[in-house]
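Everything below concerns the one structure shown next.
Counting convention: from 1, in listed order, for ligands and their atoms alike. What you see is a predicted model; the values in this text were computed from it and never measured. In this chain, numbering begins with 1 at the start of the sequence shown.
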Amino acid sequence: MRLRQTETPLLAAMQHYVQEEVIPFHTPGHKQGKGMHYTLEKLMGRDTLALDLALMEELDDFHEPHGCIKDAQDLAAQLYGADHSFFVINGTTGGIYAMILAVAGPGEKIIVPRNAHRSIIGGIILSGAIPIFMQPEVDNELGLAMGVTPEMVEKAVLRHTDAKGVLIINPSYYGVATDLKKIADIVHAHNMVVLVDEAHGPHLRFSNRLPMQALDAGADICAQSTHKIIGALTQCSLVHCREGRIRVPHLKAMLQLTQSTSPNYILLASLDVARMQMALEGTRLIERSIDLANWARQEINKIPGLYCFGAEKIGSPGIFDLDPTKVTVTVKGLGLTGPDAERILRHQYKIQAELSDLYNILFLITLGDREYEVNALVTALKDMAEKYSKSYDFSLLESCINAPYPIAPQGVLSPRDALFGDTCMVPFIHSVGMICAEIVTFYPPGIPLLCPGERITQEIVDYCQLLQQGGMHVSGPEDYTLKTIKVVD
Ligand SMILES: Cc1ncc(COP(=O)(O)O)c(C=O)c1O
């Protein structure tokens, strides 16, 4: 019998088990809250704790699903238009690890944008694959990395015809989308797999005012953070795939490898319910978020000293489309840095942003927001702009950002070999010619200058020193002063 989107088969099975009042001689040891310290028990509530269950026949097998978990996953696949969907309780990080492991093994090439999230680099380290990096476009006004273009992808696949796949981040944290459809056509024409890090896109399917979702653009596999943008609990994600270029049994094996053998059923049930919510109300909820975000953007752009980029940026390099629910406020016009403004908003106005970078603060408008919250944000930004302006001097920094970018270093070892080989720390200025064993990234724009396995050049050392003199923030190396660097011994 075909299940309906109004149903939540996994939650229903869990509730049935609890209603039966079974005496549990199984994990978890707190036995539905009874053995738990009262501090935690009170906090979480007996009703919730009763649902903290374990794998058993009637609750299906997470790694070989054939019952209620399979039904719940099939409903997700039906909703998103996938051939198969998989629940992930290890964050999108876990999903991305599995995706990469399923496509590229040790010594095999995978093409990725250089500003890849650390989960992508992590997946590459785990698999032993060889990353071929594409340098994304950068918007110097915003100090942000944008997307990769179809032209860049075409160049990369033509140079590396033996690559197994191309991984695209779409949309970015800041809502910037690439021309994924065109990219997918190019990649498929070369018989490679299209993988998409869609951490920031589980809501795209529910409005035609949003960029196209990965599966609709032709992606073979994608990972979405259901927890980041829609209603599932933190750590919950979905991996969707199409049959053909993905070997589904192999993908399942890789999902087993990257996930617990004791999945948290409350997390799993939250995926089931979040799917049902989106099926029934997704369009209304997402349309409302878009309206709220567009209103906020319009009001923020009336505030002197602030800028919130929007549709006017579409068409500039690396911006094919935009998710308007990501509200990026550029505060440098106030002479404030993003972290300055983030702290002011948190402590003076009780408003917490998603993140800040040197020039910007990012606010997410989701199905959890109403007019009240968005009004409060706009009012706080107005007040902050009137009261707090500093005179942070960005000029040195801007001259650094505009300095010619060094030629990408040559990869000579896989990141895994570099990381797990013998390594030692050497003075950074004496590291030219050696093989780097860590990531060196400067913010803005957050694109690594060095990755594990790459040969360090004089040009890169000079450029890093220039950025440090400009006061830019370095992230990644063990020695964050970058006086020394870890290299392959
Ligand atoms: C682009 C991108 N990909 C992947 C991830 C990893 O997602 P998760 O935190 O769910 O593991 C993140 C998290 O911020 C992200 O921004």
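What sits closest to atom 11 (O) of ligand 1 on the protein, heavy atoms only, is Thr93 OG1, 2.5 Å. Annotation: atom 15 (C) of ligand 1 to nearest protein heavy atom, His117 CD2, 3.3 Å. Scanning the protein for heavy atoms near atom 9 (O) of ligand 1, the closest one is Lys228 NZ, 3.1 Å. Looking only at heavy atoms of the protein, atom 16 (O) of ligand 1 is closest to His200 NE2, 2.7 Å.
Within the 3.5 Å criterion, the main-chain N or O of Gln298 finds no donor-acceptor partner in the side chain of Asn301. For Asp272 (side chain) and Leu10 (main-chain N/O), a donor-acceptor pair under 3.5 Å exists by modelled atom type. Of the possible polar contacts, none joining the Gln213 side chain to the His203 backbone as a donor-acceptor pair under 3.5 Å is found. Judged by distance alone, with hydrogens and angles left aside, the side-chain atoms of Arg205 form a donor-acceptor pair with the main-chain N or O of Leu79 at under 3.5 Å. Using modelled atom types, no side-chain atom of Ser119 and backbone atom of Thr93 make a donor-acceptor pair closer than 3.5 Å.
For Ile96, every heavy-atom contact with ligand 1 shorter than 4.0 Å involves the side chain, none the backbone. No part of Gln235 comes within 4.0 Å of ligand 1, judged by heavy-atom distances. Both the backbone and the side chain of Thr92 come within 4.0 Å of ligand 1, counting heavy atoms alone.
The pair Lys182-Asp185 fails the salt-bridge criterion, with no side-chain N (NZ, NE, NH1 or NH2) lying under 4.0 Å from an Asp/Glu carboxylate O. Salt-bridge check for Asp60 with Lys70: failed, with every basic side-chain N at 4.0 Å or more from each acidic carboxylate O.
Checked against a 3.5 angstrom limit, the closest N/O atoms of Asp197 and ligand 1 fall inside it. Residue Ser237 has no N or O atom closer than 3.5 Å to an N or O atom of ligand 1. At under 3.5 Å, not a single nitrogen or oxygen of Ser119, backbone or side chain, sits near a nitrogen or oxygen of ligand 1.
Listed by number with element, the atoms of ligand 1 under 4.0 Å from a non-hydrogen atom of Ser225 are 7 (O), 10 (O). Annotation for ligand 1: atoms under 4.0 Å from non-hydrogen atoms of Gly91 are 10 (O), 11 (O).
Distances from ligand 1 to the non-hydrogen atoms of His227 include at least one value under 4.0 Å.
Side-chain contact between Gln5 and Arg275 is present, with at least one heavy-atom pair separated by less than 4.5 Å.
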Walk me through it: do Lys313 and Glu141 pass the test side-chain contact (heavy atoms from CB on, under 4.5 Å)? CA-CA 11 Å; Lys313 284 269 181 195; Glu141 183 191 11; 2.6 Å; yes
